[in-house]
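Below, each value reflects all heavy atoms present in this structure, side chains not excepted, and no hydrogens, waters or symmetry copies.
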Amino acid sequence: MKKKIYISDLANYTGQEISLQGWLYNKRSSGKVQFLILRDGTGYLQCVVFKGNVSEEIFKLAETFNQETSFVVTGKIKSEPRAVGGYEMDVKDLKLIGTSFDYPITPKEHGPEFLMDNRHLWIRSKRQLAILKIRHRIAKAIRDFFDMNGFTLFDPPIITPNAAEGTSTLFEMEYFDLGKAYLTQSGQLYGEAGAMALGKIYTFGPTFRAEKSKTRRHLTEFWMVEPEMAFFDLDDDMDLAEELIEYIVQSVLTDRKSEIEILERDITKLQSVKRPFPRISYDDAVDILKSEGVDFQYGNDLGGGDETIISGKFDRPVMVHRYPAEVKAFYMKRDPQNPKLALAVDVLAPEGYGEIIGGSQREDDINLLLERIQEHNLPRSVFEWYLDLRKYGSVPHSGFGLGLERTVSWICGLEHVRETIPFARMIYRNTP
RNA sequence: UCCGCGAUAGCUCAAUGGUAGAGCAUUCGGCUGUUAACCGAAGGGUUGUAGGUUCGAGCCCUACUCGCGGAGCCA
């Protein structure tokens with residue numbers, strides 16, 4: 001591969017004459033000097049075009065550059081504390097690559113609708129770049145964490161014949177002569193099969209929910225990582241969840257500090273994310289709500305507002321476990337101490353960011369699982385293979401799902417998950 | 001599906017029921033250290049759509065469309 005120089009490498013090139021390529025981020029001029037701010041995806045560099053230092057043609061060419069014009073620029077690099085990034089280029093030569101006229105996203109405030117309509121261009125801006133880089137670092141931290149801990153990546157199908165949880169609405173399609181098929185809302189059931197084969201697995205990919213949710217926490221297409229482990233009980237599951245979250249947050253703090261600063265995120269809120277996380281039961285959570293004067297009906301699931309109140313009591317993510325079985329999915333194992341409760345856990349992010357993890361110990365008894373399938377009016381036929389996992393050497397096992405976008409949103413301190421993914425899919429938007 | 005808010009220049013927003021405005025962007029002119037640069041000028045409008053009230057509607061009324069936020073559901 002031919003060596004190319006990027007703005008992020010400039011420390012190695014001070015005093016040298018080099019060529020860089022990129023786009024014009026912004027420009028200021030004052031008659032005899034022009035300041036071109038070059039961006040190349042790795043950073044920003046102020047390129048100074050002095051009249052007299054360059055030919056008349058080059059100076060005139062620079063005057064024609066608009067926002068997002070692409071070009072090659074050649075000149076000497078020097079340290080310059082006044083400039084963005086601490087370096088500056090004294091321009092000697094310029095070459096136009098692609099013109100740009102009337103770029104819609106100006107250095108000015110814009111509304112969310114306009115920015116989402118121009119999402120393909122919005123991702124070029126500084127904040128969006130920072131968010132996407134943090135998203136990548138989080139995804140890498142997730143993969144690293146599981147790879148280092150003996151997990152095998154296990155890719156489940158995206159087209160499935162069945163619903164994992166009867167409650168959610170699924171995107172439906174006609175699948176040749178086999179009738180209806182659906183886009184997956186979770187790889188978990190397949191993950192369980194993987195855990196019985198490989199011991200510890202994780203799935204990591206897009207999932208789809210056709211619910212008409214219209215809030216800052218919802219996308220119709222989102223990414224989820226779902227570990228599934230044989231011989232793990234609920235406590236083991238919670239241990240793993242808090243270890244993962246701590247690792248993700250600390251990785252971002254170590255490697256993406258400048259991006260966190262661009263977002264003006266309060267870093268102390270992230271620094272406190274250290275094990276152990278508080279673990280409270282559903283009953284404890286209800287007590288907290290009651291003591292706060294919330295009119296909460298025991299037995300209901302926690303709503304968004306309830307989660308905010310509970311998570312507000314702690315400076316790090318809180319794990320709420322042992323929910324009423326009735327509000328949880330059919331595959332969750334009941335608590336032997338109290339069969340009305342499911343061995344489930346939700347991890348609530350701080351600052352009102354809500355549920356980022358939902359997990360449980362799974363029902364491993366084939367007869368109890370059959371009962372649950374009947375109680376939920378699910379068709380047994382599509383679950384035959386899933387029942388086989390309990391028929392041939394069933395073992396206690398657990399897992400959870402972590403929503404990538406909600407995690408990114410929380411770590412970045414964003415208002416809305418739509419900025420956490422390059423092209424968000426929402427109930428009223430599937431473009432660009 | 002339900003509740004609330006909104007739609008005016010390319011963008012962000014003003015405009016007591018009485019001549020449609022500003023900043024940014026664009027174009028032109030000025031400026032040798034700018035940091036969302038600055039100064040001057042110009043072009044830019046079927047006020048979301050359809051109807052109604054009125055001498056007169058961007059503004060009041062009705063319906064619709066689209067968007068935003070929330071509820072439910074969930075990661």
**Q** Mind calculating the distance between CG (A:L302) and C1' (B:rC73) to the nearest angstrom?
**A** 14 Å
**Q** Going by purine N1 to pyrimidine N3 plus the second Watson-Crick contact, or the G-U wobble pair, all under 3.5 Å, which nucleotide sits opposite B:rA22?
**A** B:rU12
**Q** Rounded to whole angstrom, note down the P distance from B:rU19 over to B:rA57.
**A** 12 Å
**Q** Could you tell me whether A:G111 contacts a base, only the sugar-phosphate backbone, or nothing, with contacts defined as non-hydrogen atoms closer than 4.0 Å?
**A** sugar-phosphate
**Q** Would you kindly give the CG-to-C1' distance between A:N26 and B:rC38, to the nearest whole Å?
**A** 13 Å
**Q** Using a heavy-atom cut-off of 4.0 Å across all strands, would you classify A:T407 as base, sugar-phosphate, or nothing?
**A** nothing
**Q** Nearest-nucleotide wise, let me know which of A:L404 and A:E80 is further upstream toward the 5' end of RNA chain B.
**A** A:E80
**Q** With a 4.0 Å limit, can you tell me whether A:K212 has a side-chain N or O closer than that to the phosphate oxygens OP1/OP2 of B:rU1?
**A** yes
**Q** Measure from the side-chain heavy atoms of A:R209 and tell me the nearest of B:rA75, B:rG69, B:rG72.
**A** B:rA75
**Q** Between P on B:rA36 and CD1 on A:I105, what's the gap in Å once rounded to a whole number?
**A** 18 Å
**Q** Can you tell me the base-pairing partner of B:rC66? Count Watson-Crick or G-U wobble geometry only, both distances below 3.5 Å, and say none if there is no partner.
**A** B:rG6
**Q** Checking only heavy atoms, does the side chain of A:Q46 share a donor-acceptor pair with the base of B:rU34 at less than 3.5 Å?
**A** yes
**Q** For atom C1', what is the distance between B:rC31 and B:rC39, given to the nearest Å?
**A** 9 Å
**Q** Measure CG/A:D301 against C1'/B:rG72 and give the value in whole Å, please.
**A** 11 Å
**Q** Any N or O donor-acceptor pair linking the side chain of A:S213 to the base of B:rC74 at under 3.5 Å?
**A** no
**Q** Rounded to the nearest angstrom, tell me the gap between atom CD1 in A:I427 and atom C1' in B:rG72.
**A** 12 Å
**Q** Look at the side chain of A:H110 and the base of B:rC11, then say whether one donor and one acceptor between them are separated by less than 3.5 Å.
**A** no
**Q** Find the distance A:R28:CZ to B:rC39:C1' and express it as a whole number of Å.
**A** 17 Å
**Q** Is there a Watson-Crick or G-U wobble partner for B:rA71 with both distances under 3.5 Å, and if so, which one is it?
**A** B:rU1
**Q** Whether A:E68 and A:R39 form a salt bridge (side-chain N of Lys/Arg under 4.0 Å from carboxylate O of Asp/Glu) is what I want to check.
**A** yes
**Q** Using the C1' atom as the point on both nucleotides, what is the distance between B:rG33 and B:rG21, in whole Å?
**A** 35 Å
**Q** Does a salt bridge link A:D266 with A:K269, judged by any charged N lying under 4.0 Å from a carboxylate O?
**A** yes
**Q** For A:F222 and B:rA75, is the gap between ring centres under 5.5 Å while the planes differ by less than 30°?
**A** yes
**Q** Could you tell me whether A:R143 and A:D147 make a salt bridge, using a distance below 4.0 angstrom between a side-chain N and a carboxylate O?
**A** no
**Q** If you only use heavy atoms from C-beta on, which nucleotide in B:rC74, B:rU27, B:rU32 is closest to the side chain of A:K32?
**A** B:rU32
**Q** So what's B:rG17 paired with, Watson-Crick or G-U wobble, going by both distances under 3.5 Å?
**A** none
**Q** Sub-3.5 Å donor-acceptor pair from the side chain of A:D283 to the main-chain atoms of A:V286, do we have one?
**A** no
**Q** Measuring only the P atom in each nucleotide, how far is B:rC28 from B:rU12? A whole number of Å is fine.
**A** 26 Å
**Q** Which nucleotide, in any strand shown, forms a Watson-Crick or G-U wobble pair with B:rU32, with both distances under 3.5 Å?
**A** none
**Q** Give a yes/no answer on whether the side chain of A:R217 brings an N or O atom under 4.0 Å of OP1 or OP2 in B:rG72.
**A** no
**Q** Any strand counts, and the cut-off is 3.5 Å on both contacts for Watson-Crick or G-U wobble. Which nucleotide pairs with B:rU54?
**A** none
**Q** Would you say A:H416 places a side-chain N or O within less than 4.0 Å of OP1 or OP2 belonging to B:rG69?
**A** yes
**Q** Please give the distance between the P atoms of B:rC5 and B:rG44 as a whole number of Å.
**A** 37 Å
**Q** Hey, is A:E57 close enough to A:K60 for a salt bridge, meaning N to O under 4.0 Å?
**A** no
**Q** Considering Watson-Crick and G-U wobble pairs with both distances under 3.5 Å, what does B:rU47 pair with?
**A** none
**Q** Using the P atom in both, what is the distance from B:rG30 to B:rC13, to the nearest Å?
**A** 35 Å
**Q** Which pair of heavy atoms, one from A:G359 and one from A:M332, lies closest together, and at what distance?
**A** O-CE, 4.2 Å
**Q** Looking only at atom P, what distance separates B:rC60 and B:rA22, rounded to whole Å?
**A** 24 Å
**Q** Start at the 5' end of RNA chain B and walk down; is the nucleotide closest to A:E88 or to A:E405 reached first?
**A** A:E88
**Q** Any Lys/Arg nitrogen of A:R275 or A:E246 sitting under 4.0 Å from an Asp/Glu carboxylate oxygen of the other?
**A** yes
**Q** Nearest whole Å is fine: how far is B:rA75 C1' from A:L348 CG?
**A** 12 Å
**Q** Before accepting this row, confirm whether a basic side-chain N of the pair A:D364/A:K333 lies closer than 4.0 Å to the acidic partner's carboxylate O.
**A** yes
**Q** Answer with base, sugar-phosphate or nothing: what part of the nucleic acid does A:F114 contact at a heavy-atom distance below 4.0 Å?
**A** sugar-phosphate
**Q** I'd like to know if A:R406 reaches the base of B:rC74 with its side chain such that a donor and an acceptor end up less than 3.5 angstrom apart.
**A** yes
**Q** Whole angstrom is fine here: how far is it from CE in A:M116 over to P in B:rC66?
**A** 18 Å
**Q** Which part of the nucleic acid does A:Y428 contact within heavy-atom distance under 4.0 Å: base, sugar-phosphate only, or nothing?
**A** sugar-phosphate
**Q** For the C1' atoms, the ones on B:rG10 and on B:rG4, what distance do you get once it is rounded to whole angstrom?
**A** 30 Å
